[in-house]
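First comes the structure, then the notes that go with it.
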There are 2 protein chains.
Amino acid sequence: MIRVILAEDQQMLRGALTSLLSFESDIQVIAEVADGQKAWEVIQREVPDVCILDIEMPYLTGLELAEKIKVAHLPCKVMIVTTFARPGYLQKAMDCDVNGYLLKDEPIDYLIEAIRKVNNGEKVVSRDLAATLFMKELNPLNEREIAVLELVKEGLTTNEISKKLFLTKGTIRNYLSTSIQKLHVESRQQAVNTASDKGWI
Amino acid sequence: MIRVILAEDQQMLRGALTSLLSFESDIQVIAEVADGQKAWEVIQREVPDVCILDIEMPYLTGLELAEKIKVAHLPCKVMIVTTFARPGYLQKAMDCDVNGYLLKDEPIDYLIEAIRKVNNGEKVVSRDLAATLFMKELNPLNEREIAVLELVKEGLTTNEISKKLFLTKGTIRNYLSTSIQKLHVESRQQAVNTASDKGWI
DNA sequence: ATTAACATATGACACCTGTCACAAAGTACT
DNA sequence: AGTACTTTGTGACAGGTGTCATATGTTAAT
């Protein structure tokens with residue numbers, strides 16, 4: 001019997017998956033949770049065989065959970081199931097040694113098969129993503145640049161950002177300038193779009 | 001027997017819902033499609049009792065489909081099922097006389113109940129959204145302002161936008177200026193964020 | 001101790017943005 | 001024709017933005 005936990009914030013999908021997984025005689029959904037915090041509690045207490053984690057959840061993302069599971073040396077397999085084919089996400093997932101990375105665009109049967117494979121020690125990655133792995137573009141932005149771009153994304157101006165980060169506005173402009181060059185774009189707006197797309201901020 | 005079509009671009013959710021709806025003895029899923037174009041073809045041909053439509057789909061959005069169904073005077077009930085609680089979306093849905101507007105955050109049972117109610121001529125709206133309807137803020141932006149903001153969202157500069165819309169850059173700046181004032185924000189970036197949030201662009 | 005690399009800052013420059021007052025042209029209604 | 005309203009354009013101004021050359025202090029590597 002494969003004991004799995006399902007962490008997914010969209011109730012409709014979570015409920016549906018739980019119902020369907022329960023029909024499989026070798027799979028048991030021991031918990032279904034709607035946020036990363038609850039997921040972490042359950043995972044520590046129950047140590048499931050396979051953790052099925054969405055990325056974008058409240059409190060803790062699936063990727064942060066994968067990281068925690070890794071550093072705690074828990075013997076759980078981890079599968080990320082997400083809408084997003086962002087290279088940055090996949091990269092981070094690989095860095096956390098996750099055992100599977102599936103898109104929500106896959107059929108359920110593929111998910112079920114993947115659970116069995118992962119439980120057996122195999123690695124599973126959605127077809128479309130295998131290619132992405134080889135062309136892995138690493139995030140060219142450093143910490144400061146990321147912090148600045150994230151604030152630009154919120155709509156803050158150079159001045160507001162400088163106050164928030166305790167830097168002069170000249171420095172902020174320099175970071176933005178280097179970000180724009182690194183991303184080969186032409187404005188802060190485009191920089192934010194590109195970086196979001198790739199999952200870098 | 002309630003004949004329903006399911007239009008949802010995320011295969012995993014679509015498949016799961018189809019399976020679960022099929023267990024209901026009074027509901028028959030006559031078609032499941034992944035984009036708005038195919039949905040429209042099936043709806044015209046089959047005239048289902050209830051159309052369950054996601055909003056963000058390729059080719060045609062669920063809201064555009066609702067509009068088409070309305071003007072074609074097809075005797076189908078329409079239910080929008082979406083991730084987004086954006087007032088603008090709900091507003092548009094109401095303008096198209098849809099019979100239901102559910103969030104994907106609801107449990108499946110609620111969806112099933114809703115299908116029966118809608119089929120009976122009742123209207124169904126997710127709890128959290130009922131309030132939104134009363135505080136309906138109408139989109140203060142005019143067509144031009146919307147067009148400009150959409151291009152800003154893509155990351156285009158004033159100059160690029162002016163070329164695309166065959167207007168001078170002065171005019172673009174004026175539109176942006178009025179948009180910024182109407183949205184009570186302080187930069188194009190914030191204007192884009194606010195307008196996206198409300199579902200106005 | 002020297003070199004290199006990094007984070008932060010500065011000032012100058014050309015250009016872009018947001019605002020405003022105003023104007024020309026078109027449409028619609030009276 | 002007269003009035004009001006809408007769409008688009010202009011020019012000017014203050015301030016913001018992106019780039020660059022350059023400087024200073026810090027840390028890490030040789």
Charged N-O contact under 4.0 Å between B/Glu106 and B/Arg127: yes
Candidates D/dT17, D/dG9, D/dA12 - which lies nearest the side chain of B/Asn174: D/dG9
Nearest-nucleotide pick for B/Leu167, side chain only, options being D/dG16, D/dT19, D/dG9: D/dG9
Atom [atom1] of [X] to atom [atom2] of [N]: distance rounded to whole Å?
X	N	atom1	atom2	value
A/Gln181	D/dG18	CD	P	11 Å
A/Glu160	D/dG15	CD	C1'	14 Å
A/Lys169	D/dG16	NZ	C1'	8 Å
B/Glu145	D/dT6	CD	P	12 Å
B/Asn159	D/dG18	CG	P	15 Å
B/Ile172	D/dT7	CD1	P	14 Å
A/Tyr175	D/dT19	OH	C1'	16 Å
B/Arg173	D/dA12	CZ	P	12 Å

Over all atoms of both residues, closest heavy-atom pair of A/Gln11 and B/Pro107: NE2-CB, 3.2 Å
Considering all heavy atoms, the nearest B/Arg144-B/Leu165 contact: NH2-O, 4.5 Å
List, one per line, each side-chain donor-acceptor pair under 3.5 Å for residues 12-23 of chain B, sequence neighbours excluded.
from    : atom 1 : to      : atom 2 : distance (Å)
B/Arg14 : NE     : B/Glu32 : OE1    : 2.9
B/Arg14 : NH1    : B/Glu8  : O      : 3.0
B/Thr18 : OG1    : B/Arg14 : O      : 2.8
B/Ser19 : OG     : B/Gly15 : O      : 3.0
B/Ser22 : OG     : B/Thr18 : O      : 2.7

Chain B contact limits on DNA chain C, taken 5' to 3' with a cut-off of 4.0 angstrom to heavy atoms: C/dT17 to C/dC20
Verdict with reasoning, A/Val81 to A/Lys104, per side-chain contact (heavy atoms from CB on, under 4.5 Å): CA-CA 6 Å; A/Val81 177; A/Lys104 288 184 186 170; 3.9 Å; yes
Flag if over 12 foreign heavy atoms under 6.0 Å of NZ, B/Lys169: no
Sugar-phosphate only, base, or nothing, as touched by A/Thr168 at under 4.0 Å among non-hydrogen atoms: sugar-phosphate
Flag side-chain contact, heavy atom, 4.5 Å: B/Tyr89 against B/Ile80: no
Phosphate contact (D/dT7 OP1 or OP2) by B/Arg144 side-chain N/O below 4.0 Å: no
Angle between terminal axes - the helix from C/dA1-D/dT30 to C/dT30-D/dA1, 5 pairs each end, rounded to 10°: 30°
Derivation and outcome, side-chain contact (heavy atoms from CB on, under 4.5 Å), residues B/Val33 and B/Met57: CA-CA 10 Å; B/Val33 298; B/Met57 286 187 294; 5.9 Å; no
Steps toward side-chain contact (heavy atoms from CB on, under 4.5 Å) verdict (B/Ile69, B/Cys51): CA-CA 10 Å; B/Ile69 291 169; B/Cys51 305; 4.1 Å; yes
